[in-house]
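Basis for what follows: all heavy atoms, side chains included, without hydrogens, waters or symmetry-related copies. A quick note: this is a predicted structure, and the numbers were derived from the prediction, not measured. Both ligands and their constituent atoms are indexed starting at 1 by order of listing.
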Amino acid sequence: MMGLEIKKYPDSILRQKCQKVDVFDKELKLICQKMIEIIKENQGIGLAAPQVGILKRIIVVDFDNNLKIFINPEILKKSKEKEIFEEGCLSFPGLFLKIKRPKEIEIKAQDLNGQEIKMKLNGLTARIFQHEVDHLDGILFIDRVGKFKKLALAFKKLFGKRK
Ligand code: CO
């Protein structure tokens, strides 16, 4: 595999839906290794495979400075209670947006060997997990901002460069 690089918005690959992983082989381990290298190089706290051009359901999430890989991640339950928190994304350098998301989630995924993982997440890890799972379905954090903010962003795009 060649060196991977981060795909930046508006790269169309960021809008595609990723395929489920069903072979847990050396290639998968290599992809995950590369993703960990990239997230470290860029000091990120989360990364999804499509962000490096790979359309597979793989994400990396920072757990208190430990990078954890989740294959085929799914959100089983979301708390009714929501929380607003500022998010960034390696595919949108310099953009930070306040996004409202469920505060706690219950998740299911597989590890590198295909073993099932089930966890309850809250706080920053729940936040990152939800952001990264969105990427696997081509959903970006700019899609999750409120209507007024969306309008403001559209205006900025239209008129921002005019002098
Ligand atoms: Co992102």
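To the nearest 0.5 angstrom, L121 atom CG is 12.5 Å from R127 atom CZ. Separation of atoms NZ (K17) and CD1 (I139) is listed at 7.5 Å; rounding is to 0.5 Å.
Not one N or O on the side chain of S79 forms a donor-acceptor pair closer than 3.5 Å with the backbone of P102. Between the N72 side chain and the V21 main chain, a donor and an acceptor come within less than 3.5 Å of each other.
Classified by interplanar angle (parallel below 30°, tilted 30° to 60°, perpendicular above 60°), the ring pair F63/F70 is tilted.
Among protein atoms, those of element N, O or S found less than 2.8 Å away from the Co ion (ligand 1) are C89 SG, H131 NE2, H135 NE2.
Checked options L47, V60, I45; the residue passing with L67 is V60 (criterion: side-chain contact (heavy atoms from CB on, under 4.5 Å)).
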